[in-house]
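We're numbering straight along the sequence, starting at 1. Please read these numbers as outputs of a predicted model, since none were measured by experiment.
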Amino acid sequence: MGLRQVQKTVITSSTSDVQLDAINSDNIYVVIASGIHATTDGAYLQYRVTKDVSGTTTTQSGNSYKNAFGVVRANADFSSYKNAGTPRTEAYFCGAQPIGNATGEKAGGIWYLHNFNKADEYSYIIAQDYQIQSSGTAVGGNFGTTVFAVAEAHNGISFSGYSTNIDEGTFTMYELV
């Protein structure tokens, strides 16, 4: 088994939504992102699934995300970030810890995408993400899973900010073959 690169996006100017939409088989896909920088200090980074809607890749923001994460932060005890039964409209980086926008404050991670091309099953994301704050006290990340609880085919994943844009970052999607 190996990884075959299917899509790469390098962000160098402000954008509201980074979409990777190359899923077209039942294989597992892996997204690796690094150097993600938000334009607004104290904003939140998030991700969602995408699907093809009449030929246009569309980020899905309905209340169908079920999240369960362990959260590790330098400025707090080990904790969890979960829905507790209430579906959300996204999954946040680092247990919903805000990210800064100073020099060196970046984020990234690895996301494993399961069942995305299957119209009769839920899509699963196994995630490991991180954020680096310049103060060093808010360095941290998530490890866990998100389920998009709608049985439909999805063609990818979207990265965006809540009340911010992304102005830097490298996002690469691979297919596990």
OH-CZ distance between Tyr65 and Arg88, expressed to the nearest 0.5 angstrom: 12.0 Å
Mind checking side-chain contact (heavy atoms from CB on, under 4.5 Å) for [X] and listing every partner two or more places apart, or none if nothing turns up?
X      : answer
Thr39  : Ser14, Thr164, Asn165, Asp167
Ala151 : Tyr122
Tyr130 : Ser34, Ile132
Ser158 : Asp17, Gln19, Thr50, Thr59

Ignoring hydrogens and geometry, is there a side-chain-to-backbone donor-acceptor pair from [X] to [Y] under 3.5 Å?
X      : Y      : value
Gln133 : Gly100 : yes
Gln60  : Thr58  : yes
Asp41  : Ala102 : no
Arg73  : Cys94  : yes
Asn67  : Gly144 : no
Gln97  : Gly140 : no

With sequence neighbours excluded, what pairs up with [X] under the side chain to side chain donor-acceptor pair (under 3.5 Å) test?
X      : value
Asp26  : Asn117
Asp21  : Gln7, Thr57
Asp129 : Asn142
Asn63  : none

Members sharing Leu3's hydrophobic cluster (side chains within less than 4.5 Å): Met1, Ile28, Val30, Ile32, Ile110, Tyr112, Ile126, Tyr174, Leu176
Sole candidate of Ile125, Asn155, Ile157 that passes side chain to side chain contact (heavy atoms under 4.5 Å, CB included) when paired with Val49: Ile125
Selection residues 3-23 - residue pairs positive for ring-ring contact (aromatic ring centres under 6.0 Å, His included), sequence neighbours left out: none
All pairs passing ring-ring contact (aromatic ring centres under 6.0 Å, His included) where residues 20-62 contributes a residue, at least two apart: Tyr44-Tyr92, Tyr47-Trp111
Enclosure of Phe143 CZ (heavy-atom neighbours >12, cutoff 6.0 Å): yes
Over 12 non-hydrogen atoms of neighbours within 6.0 angstrom of NZ in Lys8: no
Which atom of Ser163 lies closest to which atom of Ala43, heavy atoms considered: O-CB, 4.3 Å
Distance-minimising heavy-atom pair for Ala107 and Ile99: CB-CD1, 3.8 Å
Verify same cluster id: Val10, Phe159 (apolar side-chain graph, 4.5 Å): no
Residues in salt bridge (Lys or Arg N to Asp or Glu O under 4.0 Å) contact with Glu152, at least two apart in sequence or another chain: Lys51
Contact check, side chains of Met173 and Ile23, non-hydrogen atoms, under 4.5 Å: yes
Any His114 side-chain heavy atom under 4.5 Å of Glu121 side chain: no
side-chain contact (heavy atoms from CB on, under 4.5 Å) evaluation trace for Thr172 with Gln5: CA-CA 7 Å; Thr172 308; Gln5 182 178 319; 3.8 Å; yes
